[in-house]
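Okay, structure first, notes after.
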Amino acid sequence: MRDFHQPRRSAAVAGEAMAATSSPLATLTALDVLRAGGNAADAAIAASAVLCVTEPHMTGIGGDCFVLYAPKAAGTPLALNASGMAPMRATVDWYRERGFTEIPVDSVHAATVPGAVDGWCMLLERYGTKDLAELLAPAIRLAEDGFLVTPRPAWDFSFAALAEKIGRDAGAARVFMPQGRLPQLGERLKLPALAETLRRIAREGRRGFYEGPVAADIVKRCNELGGLHTLEDFARQRGEWVAPIEARYRGHDVFECPPNGQGLAALMMLRTLEGFDLSARCSEVDRIHLIAEATKAAYRARDAFFGDPRTGVVPVERFLSDAYTEGVRRRIDPARASAPVDWDEGEHKDTIYLTVVDRDRNAISFINSLFHEFGCGVYAAGAGVMLHSRGSMFRTIPGHPNAIAPGKRPLHTIIPGMLAKDGRAVMPFGVMGGNYQATGHASLMSRLIDEGLDPQQAAEAPRSFAFGGKLQLEATIAPEIEAELARRGHVIERVVKPLGGCQAIYIDHQLGALIGGSEPRKDGCALGY
């Protein structure tokens with residue numbers, strides 16, 4: 001039970017159905033779909049479409065998505081990989097011949113073919129019950145009539161670097177900066193071109209995005225900037241249903257999407273942390289230190305070995321084996337930080353995550369993203385589509401598991417999660433926040449399982465992240481904890497923006513109750529009925 005003297009939020013509790021998203025409008029949209037007889041898949045699609053409008057810097061139809069879906073709380077969910085593929089003309093040699101040592105974030109080359117719309121259509125075809133036009137109607141209305149900017153997007157928009165990024169694309173600036181700046185709290189933003197594209201998708205399904213005028217406009221804009229994209233690349237884009245990967249953690253089963261996502265890193269961390277006492281007896285200093293050390297070990301492996309399994313082998317079984325895990329644990333000094341890990345790509349926090357559980361206990365864990373804020377900054381003005389920046393995760397190193405190649409999918413940071421116990425799904429969950437997500441998943445599981453917190457308490461807990469050679473700490477972590485971590489050898493960095501964003505719904509099968517938590521660092525909420 002939470003301390004009611006503290007100005008915090010209670011967990012949401014309901015018996016019939018529940019949704020948790022980062023936007024009140026999206027959560028209400030999901031509930032409207034559920035009340036109208038829709039299921040979890042229907043509600044997730046509708047809510048995601050709304051978020052593509054109301055959080056346009058975080059997500060969009062120009063991005064990718066991943067899904068874990070547990071029909072009637074099945075103990076093993078199905079995984080949907082709807083990440084985009086590189087253009088068929090994109091080869092390592094092409095980039096190396098032109099002096100690319102990396103794929104620049106703010107360039108057209110960071111945009112793979114968007115996979116989100118295809119993923120929505122695949123999910124609807126397999127599990128949905130509603131018509132796509134009905135599900136997209138709320139988002140279309142908001143895009144056309146406009147929506148009022150809420151506090152968190154308004155704060156994000158206040159950073160000068162974001163305005164500078166949008167200002168580099170004249171078409172984007174006309175739409176997102178109509179007064180010469182990004183909108184402020186309470187101001188209305190309209191996205192009419194996006195509304196028209198959503199209408200086309202509502203009428204034509206995936207063809208409305210991957211064929212015809214929308215695809216042509218996106219390809220034209222990419223080609224104007226030197227991109228290698230073709231209409232054939234868009235027509236070829238397909239997501240796939242795959243088997244999830246899993247690991248045990250203190251009597252629970254944790255499921256993640258397999259590579260090319262980084263969910264394997266979250267499972268590796270949990271396997272490592274299971275060898276340590278992280279219960280309420282563990283001090284916060286020890287907890288942060290152990291999670292930091294597990295993060296370093298898992299992310300070293302991630303950056304060296306993870307990639308698209310269709311083009312190379314990712315040794316999942318080896319990384320989750322007892323022998324490998326024991327080796328990692330032996331190298332962790334409980335009193336001293338190991339050498340820092342310096343990544344050669346930047347940190348990213350720009351994603352939306354949502355979850356829905358319906359009356360039949362179908363549970364969905366759903367994540368959709370542009371990666372960086374406003375993706376790569378390339379805007380197809382006719383279609384109203386901002387392109388994501390996932391291709392920036394590709395390497396230009398020949399032979400690397402994540403080297404760019406024709407039709408290949410890059411390493412992804414966005415990862416939906418699903419917790420199960422005793423053969424039934426008990427919690428769809430996710431923690432947005434780019435590279436932080438794998439650490440966020442492991443930290444959230446520890447807060448829930450080791451400390452016994454409810455989903456809302458776990459979402460509110462202070463966060464830390466060992467990244468880029470430093471240990472990042474949120475402002476809520478006490479100075480004395482910082483001092484002790486520094487004494488152990490960690491290089492401390494206090495972050496300006498909070499780390500990640502969580503949504504989770506716990507299914508108490510015995511009580512027939514749904515208990516939801518929503519990220520206090522965002523504007524959203526968990527609501528049920």
Self-check item: All ring-ring contact (aromatic ring centres under 6.0 Å, His included) counterparts of H388, not counting sequence neighbours
Solution: none
Self-check item: R395 side-chain N/O to H400 backbone N/O, donor-acceptor pair under 3.5 Å
Solution: no
Quiz prompt | Ion pair E373/K497, N-O distance below 4.0 Å | solution = yes
Exercise. Check whether the ring centres of F366 and Y353 lie less than 6.0 Å apart, and answer yes or no.
Key: no
Exercise. Would you mind checking if E474 and R521 are paired as a salt bridge, meaning a charged N to carboxylate O distance below 4.0 Å?
Key: yes
Self-check item: Side chains of R200 and V214 in contact at under 4.5 Å (non-hydrogen atoms)
Solution: yes
Below 3.5 Å, can you tabulate the donor-acceptor pairs from side chains in residues 140-147 to any protein atom, sequence neighbours excluded?
residue : atom : partner : partner atom : Å
E144    : OE1  : R199    : NH2          : 2.7
E144    : OE2  : R199    : NH1          : 3.4
E144    : OE2  : R199    : NH2          : 2.8

Quiz item: Given H57, which of F157, F159, W155 fulfils the ring-ring contact (aromatic ring centres under 6.0 Å, His included) condition?
Solution: F157
Quiz prompt | Atom pair CG (L387) and CG (L225), whose distance is rounded to the nearest 0.5 Å | solution = 9.5 Å
Practice problem: Give a yes or no answer on whether the side chain of S48 reaches the backbone of A44 with a donor-acceptor pair at less than 3.5 Å. | Solution: no
Self-check item: Pairing residues for Y379 by the ring-ring contact (aromatic ring centres under 6.0 Å, His included) criterion, not counting sequence neighbours
Solution: F176
Quiz item: Do any N or O atoms from the side chain of T150 and from the backbone of R152 form a donor-acceptor pair under 3.5 angstrom?
Solution: no
Self-check item: C502 and F429, any side-chain heavy atoms less than 4.5 Å apart
Solution: no
Self-check item: K130 atom NZ, neighbour heavy-atom count above 12 within 6.0 Å
Solution: yes
Quiz item: Got V495 and L473 here, is their nearest side-chain heavy-atom distance under 4.5 Å?
Solution: no
Quiz item: Do D217 and V385 come within less than 4.5 Å of each other through their side chains, counting heavy atoms only?
Solution: no
Exercise. Mind checking the CZ-OG1 spacing from R300 to T295? Nearest 0.5 Å is all I need.
Key: 10.5 Å
Quiz item: Can you name the one residue among T413, L264, V314 that meets side-chain contact (heavy atoms from CB on, under 4.5 Å) with R302?
Solution: T413
Quiz prompt | By salt bridge (Lys or Arg N to Asp or Glu O under 4.0 Å) - contacts of E232 (at least two apart) | solution = none
Practice problem: Find out whether Y69 and P77 are in side-chain contact, i.e. whether some heavy atom of one side chain is under 4.5 Å from a heavy atom of the other. | Solution: no
Quiz item: Taking S392 for the side chain and S389 for the main chain, is one N or O donor matched with an acceptor at less than 3.5 Å?
Solution: yes
Exercise. May I ask you to test the R126-L78 pair for a side-chain heavy-atom distance under 4.5 Å?
Key: yes
Quiz prompt | Spatial distance of atom CE (M432) from atom OG (S22) [nearest 0.5 Å] | solution = 4.5 Å
Self-check item: Side-chain (H490) to main-chain (I492) donor-acceptor, under 3.5 angstrom
Solution: no
Exercise. Taking only Lys NZ, Arg NE, NH1 and NH2, and the carboxylate oxygens of Asp or Glu, determine whether R207 and E211 approach each other closer than 4.0 Å.
Key: no
Self-check item: Cation-aromatic face contact R390/F371, 6.0 Å, 45 degrees
Solution: yes
Self-check item: Partner residues of H412 under the ring-ring contact (aromatic ring centres under 6.0 Å, His included) criterion, sequence neighbours left out
Solution: F66
Practice problem: Please list all pairs passing the side chain to side chain donor-acceptor pair (under 3.5 Å) test where one or both residues lie in residues 233-247, with sequence neighbours left out. | Solution: T230-D233, D233-R236, E240-R409
Quiz item: Where the side chain of Y299 meets the backbone of N435, is there a donor-acceptor pair that is under 3.5 Å apart?
Solution: yes
Quiz prompt | D42 and T129 side chains, donor-acceptor separation under 3.5 Å | solution = yes
Self-check item: salt bridge (charged side-chain N to carboxylate O under 4.0 Å, His left out) contacts touching residues 109-125 (sequence neighbours left out)
Solution: D118-R206
Quiz item: Hey, what do you get for CG (L354) to OG (S23), rounding to the nearest 0.5 Å?
Solution: 10.5 Å
Exercise. May I have the step-by-step check of side chain to side chain contact (heavy atoms under 4.5 Å, CB included) for M58 and T351, ending in yes or no?
Key: CA-CA 5 Å; M58 292 285 177; T351 298; 5.7 Å; no
Quiz item: Is E519 salt-bridged to R463, cutoff N-O under 4.0 Å?
Solution: yes
Quiz prompt | Those residues that, when tested against A163, pass side-chain contact (heavy atoms from CB on, under 4.5 Å) (two or more places apart) | solution = M177, L182
Quiz item: Within the distance-only criterion (no hydrogens, no angle test), does the side chain of N39 pair as donor or acceptor with the backbone N or O of Y127 below 3.5 angstrom?
Solution: yes
Quiz item: Counting N and O atoms only, with roles assigned by atom type, does the side chain of H229 sit under 3.5 Å from a partner on the main chain of F234, one being a donor and the other an acceptor?
Solution: no
Exercise. Would you confirm whether E256, through its side chain, and G417, through its main-chain N or O, come within 3.5 Å as a donor-acceptor pair?
Key: no
Quiz item: Partners of F100 by ring-ring contact (aromatic ring centres under 6.0 Å, His included), sequence neighbours excluded?
Solution: Y95, H109
Practice problem: Could you tell me whether the side chains of S365 and T355 share a donor-acceptor contact shorter than 3.5 Å? | Solution: no
Exercise. For residues T27 and A19, report the shortest heavy-atom separation together with the two atoms involved.
Key: CG2-O, 3.6 Å
Quiz item: How far does CD1 of I245 sit from CG of L320, to the nearest 0.5 angstrom?
Solution: 6.5 Å
Self-check item: K408 (side chain) donor-acceptor with D308 (main chain) under 3.5 angstrom
Solution: no
Quiz prompt | Note, C376 side chain near V105 side chain (heavy atom, < 4.5 Å) | solution = no
Quiz item: side-chain contact (heavy atoms from CB on, under 4.5 Å) with P151: which residues, sequence neighbours excluded?
Solution: L185, D523
Quiz item: Does a side-chain heavy-atom distance below 4.5 Å link D106 with K165?
Solution: yes
Self-check item: Separation of L132 CG from E204 CD (nearest 0.5 Å)
Solution: 11.0 Å
Self-check item: side-chain contact (heavy atoms from CB on, under 4.5 Å) against T29, all qualifying residues, sequence neighbours excluded
Solution: A46, V50, P138
Quiz item: Which atom pair, heavy atoms only, marks the closest approach of C257 to P416?
Solution: SG-CG, 3.8 Å
Practice problem: Give a yes/no verdict on a cation-pi contact between R98 and W94, requiring under 6.0 Å between NZ or CZ and the six-membered ring centre and an angle within 45° of the axis. | Solution: yes
Exercise. Please report the C-alpha distance between F467 and Y436 in whole Å, then the side-chain angles of each, then the deciding distance to 0.1 Å, and finally whether the ring pair (Phe, Tyr, Trp, His ring centres under 6.0 Å) criterion is met.
Key: CA-CA 8 Å; F467 181 85; Y436 173 73; over 10 Å; no
Quiz item: Is E164 salt-bridged to R168, going by a charged N under 4.0 Å from an acidic O?
Solution: yes
Quiz item: Does the side chain of N81 pick up a donor-acceptor pair with the side chain of N260 at under 3.5 Å?
Solution: yes
Quiz item: Do T59 and S369 have a side chain donor and acceptor closer than 3.5 Å?
Solution: no
Quiz item: Taking only residues two or more places apart in sequence, or in another chain, which ones meet R221 in a salt bridge (Lys or Arg N to Asp or Glu O under 4.0 Å)?
Solution: D169, E224
